[in-house]
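Worksheet: one structure, shown below.
Every number for a ligand or one of its atoms is a count from 1 in the order of the listing. When a residue number appears, it is its place in the shown sequence, counting from 1.
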Amino acid sequence: MSSIFAKSYDFFMKPLEKKKFNQIRKELLANATGSVLELGSGTGVNFSFYKTAERVTAVEPNLHMIEQSIPKQKQSLVPIEVVRASAENLPFEADTFDTVVATLVFCTIPNPEKAILEMKRVCKPGGNILLFEHVKMKNRFLAALQELLTPVWKKICDGCSLNRKTIDLLEFYDITITKVKKYYSDLFVYIESVNKK
Ligand SMILES: C[S@@+](CC[C@H](N)C(=O)[O-])C[C@H]1O[C@@H](n2cnc3c(N)ncnc32)[C@H](O)[C@@H]1O
């Protein structure tokens with residue numbers, strides 16, 4: 001787990017955040033209500049967008065990322081606790097959270113199937129599951145390029161895969177998708193969904 005990646009993450013993301021992602025995060029996180037769990041909170045980019053939540057529990061396995069997120073945690077409008085844990089093994093009881101949030105995370109989680117099962121377990125029945133992710137594209141040429149680039153990309157970007165089919169996974173695990181928006185063709189997807197149990 002590299003500290004260079006954690007320290008440079010906000011700098012390299014800044015142009016995209018300013019151009020589009022800030023607006024997407026704002027819209028997505030306006031739906032985060034009650035007790036919220038955020039998976040893979042990284043440098044805490046989402047923290048300033050929580051306005052309607054009662055409290056946020058953020059899990060993040062990388063200590064360097066947690067360190068970078070502390071200033072944003074202190075400035076947040078709602079109470080935020082950051083816990084060092086992985087999405088595949090969440091240290092919480094079943095049906096604990098009203099909302100689960102994951103942004104740009106399912107590309108990096110080593111076992112996304114296990115993480116989805118864990119997310120479903122700790123989210124209350126009927127709870128919101130809010131995601132913003134980059135995924136494998138439909139265009140055959142671009143999808144092939146994503147496959148080709150993934151091994152190198154994973155090394156440069158701390159385990160990030162370009163070829164994850166996150167929408168298919170959610171559907172497979174019976175999560176009810178209520179709204180999808182696509183950006184940069186269909187490279188990035190905004191997803192509002194509901195936990196069916
Ligand atoms: C690309 S960063 C995204 C950070 C942030 N969520 C955002 O929107 O900018 C991916 C994050 O997922 C975290 N991560 C990696 N494996 C994970 C796992 N198994 N469970 C939870 N988070 C994980 C990484 O440490 C990193 O902070």
* Say whether Ser41, considering both its backbone and side-chain N or O atoms, lies within less than 3.5 Å of an N or O atom on ligand 1. => no

* Asked: Ignoring hydrogens and geometry, is there a side-chain-to-backbone donor-acceptor pair from Lys72 to Thr43 under 3.5 Å?
  -> yes

* To do: Would you indicate whether Lys154, at its atom NZ, is surrounded by more than 12 heavy atoms from other residues, nucleotides or ligands within a distance under 6.0 Å?
  => no

* Heteroatom distance test (Glu60, ligand 1): nitrogen or oxygen, under 3.5 angstrom -> yes

* Search all heavy atoms of Lys120 against all heavy atoms of Tyr173 and return the closest pair with its distance. => NZ-O, 2.7 Å

* Measure from NZ or CZ of Lys20 to the centre of the six-membered ring of Tyr184 and say whether it is under 6.0 Å with the direction within 45° of the ring axis. => yes

* Asked: Does ligand 1 have any atom that is closer than 4.0 Å to a heavy atom of Arg25?
  -> yes

* Should Leu39 be listed as contacting ligand 1, given a heavy-atom distance under 4.0 Å as the test? -> no

* Structure fact -> Only one of Val194, Ile167, Leu170 passes side chain to side chain contact (heavy atoms under 4.5 Å, CB included) with Ile175, and that residue is Leu170

* Asked: Can you list the atoms of ligand 1 that are under 4.0 Å from a heavy atom of Gly42?
  -> 4 (C), 27 (O)

* Ligand-side contact atoms (ligand 1) for residue partner Leu104, heavy atom cut-off under 4.0 Å -> 1 (C), 2 (S), 3 (C), 10 (C)

* To do: Please indicate whether any nitrogen or oxygen in Asn46 is less than 3.5 Å from any nitrogen or oxygen in ligand 1.
  => no

* To do: Flag the pair Glu147 and Lys136 as a salt bridge only when some basic side-chain nitrogen lies within less than 4.0 angstrom of an acidic carboxylate oxygen.
  => yes

* To do: Compute the centroid of each ring, for Phe132 and then for Phe21, and state whether the two points are separated by less than 6.0 Å.
  => yes

* Given the rule in the side chain to side chain donor-acceptor pair (under 3.5 Å) test, do Glu38 and Asn46 qualify, once you have shown the distances and angles that lead to the verdict? -> CA-CA 9 Å; Glu38 179 174 340; Asn46 287 331; 3.1 Å; yes

* Structure fact -> Taking only non-hydrogen atoms of Thr103 and a 4.0 Å limit, the atoms of ligand 1 in range are 3 (C), 5 (C), 6 (N), 7 (C), 8 (O)

* Go through the steps for Val45 and Tyr9 under the test side-chain contact (heavy atoms from CB on, under 4.5 Å), then give the verdict. => CA-CA 10 Å; Val45 183; Tyr9 185 80; 4.2 Å; yes

* Counting heavy atoms only, which of Pro110, Ala58, Pro61 comes nearest to atom 22 (N) of ligand 1? -> Pro61

* Structure fact -> Within 4.0 Å of some non-hydrogen atom of Val105, the atoms of ligand 1 are 6 (N)

* To do: Using distance alone, decide if ligand 1 has a nitrogen or oxygen within less than 3.5 Å of any nitrogen or oxygen in Tyr9.
  => yes

* To do: Ignoring angles and geometry beyond distance, decide whether Val45 reaches within less than 3.5 Å of ligand 1 through its nitrogen or oxygen atoms.
  => no

* Give the numbers and elements of all ligand 1 atoms closer than 4.0 Å to a heavy atom of Asn62. => 25 (O)

